Each structure stands twice: as C-alpha cells, then as structure tokens.
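Some notes on the structure that comes next.
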Amino acid sequence: MWSKETVAGRPAWRHVPSGVVFREVPGGTFRMGLSDEELSALRALGEADASDNSLEYFLAGAARMRPVREVRVEPFLIARHPLTVAQIRHWLPEYEDEYAESDGTVARVTDDDLDALIEALPFRLPSEAEWEYAARAGTTTLTFRGNEIPDEDEILDVFADEKRVAASENAFGLAATGCANELCADVWTPHYENAPSDARPRTGDGLRVVRGGGADVSPWQGCDEWLLLLAAFRSAYDMFTAIRPVASLPVVGGRWATRRRRPVARRRSADCSFRDGSCRAVRSA
C-alpha cells in the first residue's frame, strides 16, 4: 500500500495504488490563528503602501482568524500538493474539470463530484489545525516565507515541472500551500471561540472550511489577492475546492514507521477585494 521513497531530496511516502506522494508531518504544538505580531506586520505593510489596496476591510474581519490559541497536533501524513486531475481520476475515472489546463493541474472539485470523491478516497480531509500546522511548518510569520507580501510568481497551479514544485516547498516538504482553496474537515465557524486545544475538527451541519485560494483568482487584479496565501486565512466553501488528503502514519512490522520528534514551534468568493466587493476577480474556465 505504501512505499518509502526520497522525493526532491526529502523523505516521502507514496500511496502505491494511486501514486500520490505524502509527506510526514511531525507532531508538536503551535499557536493557531492570526497573531498580534502578524496583525502588526499587516498594518506595517499597509502603512508603507506596500500593499495593492487598503487592508482595513481585511483587518476588520480578523476575528474570523482569532482568538489565537495553542494547539497540540499528532504526527500524520499529508499529500505533498493538492490532488491533480489525473490523480482524482484514479478514483473517479470519468472526472472532468472545467477549470484545469491539463491533467497535471490541481483539480477544483465542484458539488457534482465532491461527495463521491470524499467517499471514494481511502484517506480523510485534514482538520483546520492540521492544515495550518502543516502550512506554517514551524514558522510564525504571515506565510512560511516571512512577513513580506507574496508575489504572484509564487503561485503554483500545475505540478508537471518538478523543479518548480520542489522550489515551492516549505520546511515540511509541502508544495503550493495557500494556492488553491483546500477543503478541511471542520464546519465553518466565523471565529475560534471554544475551539479544541488539539487537532480535532469542529463538526456539525453547514459549509466546511477551506484554506488558501491565491491561485483561484489568478491573474491577480490588484485587489489584495495575496491575502489568500496567508497561513491564517480561512473562509467557507463556495462552489469548488481542491483536496489535499491526510492519512495516518503507515505501520511497519506492527510498529509506527516513525519516531516521535520534538515539537516545532465551488469557486472562490467573488469578492476578492476584502473591502467593498468592487474588484470581482474571476478564474477563467
């Protein structure tokens, strides 16, 4: 079922039937949510006029990413990048994607196929906590690259060029975090009040949470689309989503295949401006 390999110079687990590559994420604790330090960094960017537009609307909605809390995460496997069209066809042979440029493009799954795919996958969706922990990869900045405004050139949507994929990886070996909006197991709740201190998803009825989405509104139109790449950014599922599945660590010879490690610190929403909805970036089919 699983094959231990080296991919782009890093250890990896390959799900043999589908060929999907997973990275092992070590357990640990982290502070989840948009921190005071990150808020200060955003305000500094706005004051320096380094951003495309005023960040006031986004900052006014910061409560959706707060309060910050410490969360304990157990080790797990997560796909190196969101599933591509070709990979999804392993489970849904008739799958068609109106947004994809090629079979190597990230699949943006709509309501028509989402339930069938989730049922067919031998994996599960990540919880929000697992997703953010993996995306941050031990960092405490706006993105894993730092507190600078991400460049649109950092967006990765097609995974045919291994050199580009490897260059986009964070410290955990995960590529394209924040590029496509990725579905989580949690039900959407517009804050973190009373959220668990472990990585369990918050369950219930309603829309699920998605994380990321910077490539879903590409090409950017100067509407602060880079905010979608922030590690803390979250929103509710709307029209389509990418899937980056997670799995338990493989068991080899009756024992976990890893040692415990020390902790390490339907369409995107039409309103991409985070202000008044005046900029309505859309992704062409």
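This is a predicted model, so every value here is computed, not measured.
Not counting sequence neighbours, Arg208 has no partner by the salt bridge (charged side-chain N to carboxylate O under 4.0 Å, His left out) test. For the side chain to side chain contact (heavy atoms under 4.5 Å, CB included) test, residues two or more places apart in sequence or in another chain that qualify with Thr189 are Val187, His191, Arg202. Scanning for salt bridge (charged side-chain N to carboxylate O under 4.0 Å, His left out) contacts around Asp205 gives an empty result, with sequence neighbours left out. Asp153 is linked by a side chain to side chain contact (heavy atoms under 4.5 Å, CB included) to Asp151, counting only residues two or more places apart in sequence or in another chain. With sequence neighbours excluded, the residues that form a side chain to side chain contact (heavy atoms under 4.5 Å, CB included) with Ala166 are Ala8, Arg80, Glu162. Partners of Asp198 according to the salt bridge (charged side-chain N to carboxylate O under 4.0 Å, His left out) rule, which considers only residues two or more places apart in sequence or in another chain, are Arg200. Residues that satisfy the salt bridge (charged side-chain N to carboxylate O under 4.0 Å, His left out) test with Glu5, not counting sequence neighbours, are Arg14. Listed by chain and residue number, Trp131, Thr177 satisfy the side chain to side chain contact (heavy atoms under 4.5 Å, CB included) test with Ala135 (two or more places apart in sequence, or in another chain).
If you check the side chains of Asn147 and Thr141, you find no donor sitting under 3.5 Å from an acceptor. Ser40 and Glu37 share no donor-acceptor pair across their side chains, judged by distance under 3.5 Å alone.
Within the 4.5 Å cutoff, the side chain of Val71 has heavy atoms near those of the Val73 side chain. The shortest side-chain heavy-atom distance between Met32 and Phe30 falls under the 4.5 Å cut-off. Between Trp13 and Glu24, some side-chain heavy-atom pair lies under the 4.5 Å cut-off. Between Arg72 and Ser197, every side-chain heavy-atom pair lies at or beyond the 4.5 Å cut-off. Residues Phe172 and Phe144 are not in side-chain contact: their nearest non-hydrogen atoms beyond the backbone lie 4.5 Å or more apart. Taking 4.5 Å as the limit, every side-chain heavy atom of Arg31 sits out of range of all side-chain heavy atoms of Arg69.
Evaluation of the ring pair (Phe, Tyr, Trp, His ring centres under 6.0 Å) test over residues 197-216, restricted to residues two or more places apart or in two chains, returns none. Sequence neighbours left out, the pairs with a member in residues 182-195 that pass salt bridge (Lys or Arg N to Asp or Glu O under 4.0 Å) are Glu182-Arg244.
Between Leu156 atom CG and Ser168 atom OG the span is 4.5 Å, to the nearest 0.5 Å.
Partner Pro150 forms a side-chain contact (heavy atoms from CB on, under 4.5 Å) with one of Leu228, Thr143, Leu142, Leu227 and no other, that one being Thr143.
In the hydrophobic clustering (ILVMFWY side chains linked at under 4.5 Å, chained through shared members), Val158 stands by itself.
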Show me the side-chain donor-acceptor pairs of residues 81-91 shorter than 3.5 Å, one per line, residues at least two apart or across chains.
unit_1 : atom_1 : unit_2 : atom_2 : d
Thr84  : OG1    : Gln87  : N      : 3.2
Gln87  : OE1    : Thr84  : N      : 3.0
Arg89  : NE     : Tyr95  : O      : 2.9
Arg89  : NH1    : Asp103 : OD1    : 2.9
Arg89  : NH1    : Asp103 : OD2    : 3.4
Arg89  : NH2    : Tyr95  : O      : 3.2
His90  : ND1    : Pro17  : O      : 3.4

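Following chains of ILVMFWY side-chain contacts shorter than 4.5 Å, one can reach Val210 starting from Ile118, so the two form part of one hydrophobic cluster.
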Discussion item. Evaluate Ile243 against Leu121 for side-chain contact (heavy atoms from CB on, under 4.5 Å), listing each step before the verdict.
Written reply: CA-CA 10 Å; Ile243 302 292; Leu121 287 174; 4.1 Å; yes
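Note on ring orientation: taking the six-membered ring where Trp is involved, the planes of Trp2 and Phe22 are perpendicular (angle over 60°, cut-offs 30° and 60°).
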